[in-house]
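Written out below as structure tokens is the structure these notes cover.
Sequence positions, counted from 1, serve as the residue numbers for this chain.
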Amino acid sequence: MDGIQAKLKYYNALADKELSKYEQLDKLEKYTNVPKTYMAAGAAGVVFLLIFFNFWGQLLSNLIGWVYPDKADDTQWLTYWTVFGFVNIIEFFSDTILYWMPFYYLFKTVFFLWLFLPPFKGAQVIYSKFLRQVLLTYQNDVDKNLNKLHNKVNDAARDLMKEAIDAGTKVE
């Protein structure tokens with residue numbers, strides 16, 4: 001029992017040190033006399049329950065995946081956003097099926113945490129073991145189609161400008 005209490009005190013001190021970086025939390029702690037670690041644990045518990053019971057599960061899991069990431073390591077976050085975008089594309093096409101999976105948004109949230117938390121670096125794992133090879137395989141096709149799209153947009157813009165100029169000269 002003493003070992004568990006010691007670990008809890010250790011993790012509480014770590015969380016307090018990390019949360020002390022945010023001035024607003026320090027002010028809120030002084031105002032309420034509630035330790036910021038307890039407030040953070042309570043907020044995390046409420047978010048967990050909301051996601052677990054799928055009340056705003058989609059919104060909260062997407063917010064966690066979108067809002068949390070920091071900009072400390074550009075390579076890690078560029079990789080994360082690439083994987084995040086890929087996951088969202090896959091989810092778009094399979095949403096109807098995934099919605100019926102029990103605790104889907106809870107699993108999705110845990111997956112996002114695994115993707116971006118520095119101890120795990122899951123985004124690097126997925127990118128290096130799977131996504132990079134897929135992107136390299138289709139790179140030429142994607143580039144060719146993007147160039148075609150670029151040319152079509154340029155042609156359409158040129159035609160619109162020509163029509164606008166012609167219409168302007170006919171009015172005079």
Side-chain angles (χ1 to χ4, degrees), residues 15 18-25 40 43-172:
E18 199 61 36
L19 293 171
S20 291
K21 296 176 181 176
Y22 303 98
E23 184 180 327
Q24 298 85 353
L25 288 177
V46 168
V47 168
F48 171 81
L49 288 174
L50 289 172
I51 292 171
F52 184 80
F53 291 111
N54 199 15
F55 186 74
W56 293 348
Q58 182 178 13
L59 173 68
L60 292 171
S61 66
N62 284 335
L63 278 175
I64 289 170
W66 184 71
V67 172
Y68 176 79
D70 188 1
K71 294 177 181 78
D73 179 1
D74 289 345
T75 303
Q76 178 184 353
W77 296 121
L78 288 172
T79 305
Y80 169 76
W81 287 115
T82 302
V83 174
F84 180 85
F86 178 74
V87 168
N88 279 300
I89 289 170
I90 297 296
E91 184 182 37
F92 176 79
F93 291 107
S94 59
D95 191 40
T96 306
I97 297 167
L98 294 175
Y99 180 78
W100 292 102
M101 185 177 137
F103 309 114
Y104 167 69
Y105 292 113
L106 179 63
F107 291 128
K108 180 181 174 183
T109 303
V110 170
F111 177 69
F112 281 151
L113 291 171
W114 177 76
L115 284 177
F116 65 68
L117 287 175
F120 306 113
K121 294 188 178 184
Q124 276 81 357
V125 171
I126 289 183
Y127 183 80
S128 64
K129 298 212 185 259
F130 170 72
L131 194 54
R132 185 173 192 278
Q133 287 82 5
V134 170
L135 292 173
L136 288 174
T137 300
Y138 295 105
Q139 179 179 3
N140 291 334
D141 293 335
V142 170
D143 288 344
K144 190 184 327 175
N145 287 321
L146 283 175
N147 283 333
K148 284 181 187 177
L149 179 63
H150 180 264
N151 291 336
K152 285 182 181 181
V153 168
N154 279 344
D155 291 345
R158 192 175 310 113
D159 291 345
L160 283 172
M161 287 298 290
K162 187 185 258 186
E163 287 178 25
I165 292 170
D166 290 345
T169 57
K170 288 179 185 176
V171 172
E172 294 172 9

In terms of ring plane angle, is the pair Y80 and F84 parallel, tilted or perpendicular, where the classes change at 30° and 60°?
-> tilted
Can you give me every donor-acceptor pair (side chain of residues 134-147, partner residue at least two apart or in another chain, under 3.5 Å) with its distance?
{"residue": "T137", "atom": "OG1", "partner": "Q133", "partner atom": "O", "Å": "2.7"}
{"residue": "N145", "atom": "ND2", "partner": "D141", "partner atom": "O", "Å": "3.2"}
{"residue": "N147", "atom": "ND2", "partner": "D143", "partner atom": "O", "Å": "3.3"}

Y104 side, atom OH; S94 side, atom OG - distance, nearest 0.5 Å = 6.5 Å
So with a 6.0 Å cut-off around CG of L160, is the heavy-atom count from everything else above 12?
-> yes
For residues 43-60, tabulate all N or O donor-acceptor pairs below 3.5 Å that involve a side-chain atom, not counting sequence neighbours.
none

For T75, check side-chain contact (heavy atoms from CB on, under 4.5 Å) against everything at least two apart and list the hits.
-> D73, T79
Can you name the side-chain contact (heavy atoms from CB on, under 4.5 Å) partners of L19, sequence neighbours left out?
-> L25, K36, T37, A40
Between K152 and D155, is there a salt bridge with N-O shorter than 4.0 Å?
-> no
Give every residue pair that meets the salt bridge (Lys or Arg N to Asp or Glu O under 4.0 Å) criterion with at least one member in residues 83-111, sequence neighbours excluded.
-> E91-K108
For residues 111-129, please give each side-chain donor-acceptor pair under 3.5 Å, one per line with the distance, not counting sequence neighbours.
{"residue": "S128", "atom": "OG", "partner": "Q124", "partner atom": "O", "Å": "2.8"}
{"residue": "S128", "atom": "OG", "partner": "V125", "partner atom": "O", "Å": "3.4"}

Could you check M101 against I97 for side chain to side chain contact (heavy atoms under 4.5 Å, CB included), going step by step and ending with a plain yes or no?
-> CA-CA 7 Å; M101 185 177 137; I97 297 167; over 6 Å; no
